[in-house]
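Structure record follows, encoded as structure tokens.
Letters go in sequence order (proteins before strands), and every chain restarts at 1.
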Amino acid sequence: MLIQIIGIIVLLMALRTLFAQDRSERMLYLNAMTFGIAGIIALYIQTPFGAIIAITYFVASTISSNAIAYSIGRVKNEILLDE
Amino acid sequence: MIIHANVLFTISSYALAVASAVIVGLVLRLPILPERPIRHSWTISIIFPTSVLALGFTAIVFKLGYEGLLVAAVVGVTTAIFAKYLLERILPKPQTEES
Amino acid sequence: MYPFLDLINLTTVSAGVLLIGAAGIIMLKKPLDKVIMFALLQGGFIGMIVSAKYLDVAMVAAIFDPISIVIMLIAISKLDEIRKKKEKSQEEGLIA
Amino acid sequence: MNEIISIVIAAILSWFNFVLIDTWMGLPEKPGVKGADVIGRSVLKRGGDLAGGFFQGNIVCSPDASAGTLLASAACYTIGTPEGGLIAAILVYFGNRLCADPGYAGTTGALTITGIIFAASFIGIGPAYFVVGMVLAIVTIQGINHPLASKLIGKIAEKMGRHTELT
């Protein structure tokens, strides 16, 4: 019951990430999906190492989100050579 | 509500870890509180993060199987020395303050 | 209670996220959008490894996530600087 | 039926926990890193509030009290009720320092949710419900409608005296 609720939320957030218009809107939906994945890992593996993996995955994905958001501000609109 | 002797023992060992960390931090001359405003300062002080680090390290060591009052005291002393000398070197403050 | 609710577990959710991420990498045009969808795909990948209970492999994959993304971002921003500089020099050449 | 009521109560408790602590620790005041600034301006351009935009950007760019709430309840579920919260607090502190943040909000959120879980276990709400409740709570902030959520956060921040001074 608990895993099913989080699973539906994760799939919904992933679809909204694909069909968003703006680039920073995509970052917010991606963050919500990361919360769901970390929770579902901790609910599926019921040993202490599962919690360690959930914490590691969450912190690592936050670091990569930080890097992506920083370079969104730096690269405003990039040039595409081949249309 | 019945409090078992085990629970009392665990609570007292956590308190001993925090107390030993605070005492060794006072000897090593860490500041007690960060400067105002607290929520934007980067200073390493006794209340934060040394007490929180002592609680966390004590919980990790207890979960690994080593229990007792002496272990808690040793962990507290080690945490204070770690926070004074090693923490700035492992996790440095960011250099460029950007907007 | 419902028959389709039994279908949702960690394996199918991770497979769905992986497919959505792959479709996003193929469909979207800009490079930064592709990097964002790649970050989504890594979530599905780690979920897929965890659902097979290879926990040590999942740990290593989670640690190597931000490293690969940072390397891609360095390449993208450097390429963008070079292209903008080249366009500017071409316009100046046309005017002069 | 009993399960659904437990999930709703846990969601409300964790929502108030992370919103109040994040606002009190000054997340809507200023963007900590540059990426939060970009996300806040984008939310403002789509018709939201600037303080709420900075709040959402700071949640994306570093693990704050929301991450502390989720990870502490997950660790309490798998490791054990008081110890898991303490271990999660120290790991969240290290993650905060890696993301260029002082780390007050994350550890405070982890410690307070440990106390709330310990109190709620007497009325029969386990830590597993708090994991689901935290995911539902973060979806209401980040996943449904960003301008409305940012206006709500802006009102709360103005009431607590933490509204931003930038324009």
Side-chain angles (χ1 to χ4, degrees), chain A residues 1 3-11 13-20 23-24 26-27 29-31 33-34 36-38 40-45 47 49-50 52-72 74-83, chain C residues 1-2 4-14 16-21 23-24 27-33 35-44 46-47 49-51 53 55-56 58-59 61-70 72-74 76-77 79-81 83-84 86-87:
Chain A
M1 183 68 190
I3 289 182
Q4 276 89 357
I5 291 174
I6 303 184
I8 291 172
I9 288 174
V10 166
L11 285 179
M13 284 303 125
L15 278 178
R16 287 197 76 165
T17 311
L18 181 55
F19 293 114
R23 199 177 280 161
S24 54
R26 241 175 224 142
M27 292 302 299
Y29 291 137
L30 178 66
N31 190 21
M33 197 211 72
T34 304
I37 296 258
I40 208 172
I41 286 175
L43 284 182
Y44 183 74
I45 308 284
T47 56
F49 201 51
I52 302 295
I53 284 180
I55 293 174
T56 309
Y57 167 66
F58 190 84
V59 171
S61 86
T62 307
I63 292 174
S64 64
S65 291
N66 200 343
I68 291 174
Y70 176 73
S71 72
I72 282 177
R74 199 167 160 201
V75 181
K76 285 294 191 313
N77 44 357
E78 56 265 72
I79 304 163
L80 291 179
L81 282 188
D82 40 5
E83 286 290 331
Chain C
M1 62 192 107
Y2 300 108
F4 76 95
L5 216 55
D6 288 336
L7 275 176
I8 298 176
N9 48 20
L10 186 52
T11 313
T12 52
V13 169
S14 309
V17 173
L18 269 172
L19 286 178
I20 290 171
M27 276 166 52
L28 299 175
K29 288 271 168 43
K30 300 283 184 65
L32 269 180
D33 290 335
V35 173
I36 292 175
M37 298 312 282
F38 182 68
L40 192 144
L41 189 144
Q42 277 173 338
I46 291 175
I49 296 174
V50 166
S51 76
K53 302 204 171 168
L55 295 183
D56 42 356
M59 191 89 181
I63 290 175
F64 283 164
D65 268 3
I67 300 175
S68 61
I69 286 190
V70 163
M72 268 194 217
L73 284 175
I74 289 173
I76 285 175
S77 63
L79 195 60
D80 188 63
E81 274 182 17
R83 279 181 182 169
K84 274 179 184 165
K86 192 178 168 188
E87 204 173 52

- Message: Report which part of A:R74 has an atom under 4.5 Å of a heavy atom belonging to chain C: side chain, backbone, both, or neither.
- Response: side chain
- Turns out that what part of A:Y44 lies under 4.5 Å from chain C's heavy atoms comes down to side chain
- Message: Is it the case that atom NZ in C:K84 sees more than 12 heavy atoms from other parts of the structure closer than 6.0 Å?
- Response: yes
- Any side-chain heavy-atom pair of A:I52 and C:M59 under 4.5 Å: yes
- Query: Side chain, backbone, both or neither: which part of A:L30 has a heavy atom under 4.5 Å from chain C?
  - Reply: side chain
- Given the options C:D65, C:L32, C:L7, C:I46, which has more heavy-atom pairs under 4.5 Å with chain A than any of the others? C:L32
- Query: Where does A:L43 contact chain C at under 4.5 Å (heavy atoms): side chain, backbone, both or neither?
  - Reply: neither
- Query: Rounded to the nearest 0.5 Å, how far apart are CE of A:M33 and OG of A:S61?
  - Reply: 8.0 Å
- Pick whichever of C:L55, C:V13, C:T12, C:V70 has the most heavy-atom pairs under 4.5 Å with chain A. C:L55
- Item | Distance (rounded to the nearest 0.5 Å) between A:N31 CG and A:M13 CE | 11.0 Å
- Query: Who wins among C:L79, C:D33, C:I63, C:I67 for the most heavy-atom pairs under 4.5 Å with chain A?
  - Reply: C:D33
- Name the option with the most non-hydrogen atom pairs under 4.5 Å to chain A; the candidates are C:N9, C:V35, C:I36. C:I36
- Message: If I measure from the heavy atoms of chain C, does A:I6 come under 4.5 Å with its side chain, its backbone, both, or neither?
- Response: neither
- Query: What residue, out of A:T62, A:V59, A:I68, A:I72, has the most heavy-atom pairs lying under 4.5 Å from chain C?
  - Reply: A:I68
- Task: Could you tell me which portion of A:L18 (side chain, backbone, both or neither) has an atom closer than 4.5 angstrom to a non-hydrogen atom of chain C?
- Result: both
- Pairwise distance CD1(A:I40) to CD1(C:I8) - rounded to 0.5 angstrom: 9.0 Å
- Item | Toward chain C, the part of A:S71 with a non-hydrogen atom under 4.5 Å | both
- Nearest heavy-atom contact between C:G44 and C:S14 is O-CB, 3.5 Å
